[in-house]
Amino acid sequence: MSELCLPTPASSDQAAGLRRLFAPRGARLLPVIVPDAKSTRRGLALAQLARAFAAAGDRTLVLDAARQNLAHELGQRARFDLFHGLAGERALSEVLLPAAPRLRVAPAARAIEQAAAHRLSLMSAIAHAAPGADIVLLALEAARVDDLKGEAILLVGPTATAVAAAAAELATLSMRSDGLAFRLVFADLEEAAARTLHERLLSSLPRPPKAELRWGGNLAGPADAARLAVAASGWDLAHIAGKS
């Protein structure tokens with residue numbers, strides 16, 4: 001099993017600059033799968049992760065399709081879904097709210113639902129909203145994973161309920177064979193506890209997984225989030241939008 005090598009936070013500005021220099025055109029897409037959509041802590045961890053990407057130097061767009069009320073967690077009051085901007089009912093500037101330097105956020109549950117209902121290209125819709133972004137964090141419920149390609153973070157909370165939800169979702173997600181890879185990231189846990197839980201979750205799977213399951217890190221504080229933000233690569237949104 002491969003592990004994610006985490007550089008030190010001090011290298012964040014340089015790392016972000018190098019990623020932009022050598023990355024293909026278009027924003028990077030990094031889906032964050034949320035198995036337990038009712039967890040308050042999960043929303044806090046997602047907001048922390050979003051702030052860390054922006055602090056690491058990436059122009060970050062956070063699309064909340066998991067109904068985590070991320071706009072509120074990031075200090076904004078969202079009135080419109082991404083759908084309103086894509087449908088031309090509102091300007092994208094009204095939908096994509098500035099939450100911090102290099103950080104914008106928008107609810108996106110309705111946009112994702114409409115794309116699925118009408119068999120539209122989810123990736124093309126997101127790419128349309130992402131000009132000027134270096135990375136798009138897409139918070140999704142696990143049921144929407146069929147819309148994805150590439151690599152995703154599976155965010156695991158510290159409560160027994162959150163761990164049970166993650167284990168159930170992981171058992172299903174791990175049997176996908178279309179090249180998806182999942183990085184397990186543990187919220188509000190120190191590294192030793194997170195690694196123990198990581199091994200326990202993997203050993204609970206009923207059979208060898210088809211998907212690649214990787215250690216993604218722990219989120220016990222801002223420094224952990226910053227290291228994860230620097231190390232995460234994402235997938236070129238322009239490329240996968242063109243193929244969807």
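Just so it is clear, the model here is predicted, and its values are computed rather than measured.
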Practice item. Taking the side chain as every heavy atom from C-beta outward, state whether S174 and L213 have any pair of such atoms under 4.5 Å apart. Key: yes
**Study point:** Ion pair check, E191 and R195, cut-off under 4.0 Å
**Key:** yes
Practice item. For D58 and I135, indicate whether the former's side chain and the latter's backbone hold a donor-acceptor pair under 3.5 Å. Key: no
Review point. Got a donor-acceptor contact below 3.5 angstrom from the E94 side chain to the A91 backbone?
Key: yes
Practice item. Give a yes or no on whether a salt bridge exists between R102 and D134, defined as a side-chain N under 4.0 angstrom from a carboxylate O. Key: no
Check your understanding: Would you call V34 and Q68 a side-chain contact if the rule is heavy atoms closer than 4.5 Å?
Key -> yes
Study note, to complete from the structure: Heavy-atom nearest pair, A54 first then P101, reads CB-O, 3.7 Å
Review point. Atom CG of L70 and atom CG of L137: how far apart are they, to the nearest 0.5 Å?
Key: 9.5 Å
**Study point:** Validation row: L63, I112 side chains within 4.5 angstrom (heavy atoms)
**Key:** no
Exercise for review: Write down the atom of A166, the atom of L154, and the distance for their closest heavy-atom approach.
Suggested key: O-CD2, 4.5 Å
Exercise for review: Enter the distance from H198:NE2 to L184:CG here, rounded to the nearest 0.5 Å.
Suggested key: 5.0 Å
Check your understanding: Looking at side-chain heavy atoms only, is the closest gap between L189 and V156 below 4.5 Å?
Key -> no
Review point. Short question: side chain of D64, backbone of A66 - any donor-acceptor pair under 3.5 Å?
Key: yes
Check your understanding: Taking only residues two or more places apart in sequence or in another chain, which ones pass side chain to side chain donor-acceptor pair (under 3.5 Å) with E113?
Key -> R67
Check your understanding: Could you give the distance from CG (L197) to CG (N218), rounded to the nearest 0.5 Å?
Key -> 11.0 Å
Exercise for review: Could you pull out all residues at least two apart from R200 that satisfy side chain to side chain donor-acceptor pair (under 3.5 Å)?
Suggested key: none
Exercise for review: Could you tell me the separation between the CG atom of L173 and the CG atom of L205, rounded to the nearest 0.5 Å?
Suggested key: 10.0 Å
Revision key, fill the gap. Heavy-atom closest pair (L61 atom, A130 atom, distance to 0.1 Å) is CD2-CA, 4.1 Å
Review point. Who pairs with Q76 by side chain to side chain donor-acceptor pair (under 3.5 Å), at least two apart in sequence or on another chain?
Key: none
Exercise for review: Kindly give the heavy-atom pair with the smallest separation between L30 and F53, and that separation in Å.
Suggested key: CD2-CZ, 3.7 Å
**Study point:** Parallel, tilted or perpendicular: ring planes of W215 versus F186, cut at 30 and 60 degrees
**Key:** parallel
Exercise for review: I would like to know whether I126 and L138 meet side chain to side chain contact (heavy atoms under 4.5 Å, CB included); could you show each step before the answer?
Suggested key: CA-CA 9 Å; I126 294 173; L138 175 62; 3.7 Å; yes
Review point. Which atoms form the tightest heavy-atom contact between A129 and L96, and what is the distance?
Key: O-CD1, 3.5 Å
Check your understanding: How about V32 and L140: do any of their side-chain heavy atoms sit closer than 4.5 Å?
Key -> no
Check your understanding: CD of Q114 to CG of L82: how many Å apart, nearest 0.5 Å?
Key -> 11.5 Å
Practice item. Ignoring hydrogens and angles, tell me if any N or O in the side chain of T196 forms a donor-acceptor pair with the backbone of A194 under 3.5 Å. Key: no
**Study point:** Beyond-backbone contact of R51 with L103, side-chain heavy atoms, under 4.5 angstrom
**Key:** yes
Practice item. Using a 4.5 Å cut-off on heavy atoms from C-beta on, say whether the side chain of L44 contacts that of E73. Key: yes
Point to revise | Minimum-distance pair of heavy atoms, taken over all atoms of I33 and E141 | key: CG2-C, 4.4 Å
Revision key, fill the gap. Those residues at least two apart in sequence (or on a different chain) that pass salt bridge (charged side-chain N to carboxylate O under 4.0 Å, His left out) with R110 are none
**Study point:** Reported CG-to-NE2 distance for the pair L92 and H84, which is rounded to 0.5 angstrom
**Key:** 12.5 Å
**Study point:** Set of residues satisfying ring pair (Phe, Tyr, Trp, His ring centres under 6.0 Å) with respect to F83, sequence neighbours excluded
**Key:** none
Revision key, fill the gap. So the salt bridge (charged side-chain N to carboxylate O under 4.0 Å, His left out) pairs with at least one residue in residues 74-86 (sequence neighbours excluded) are none
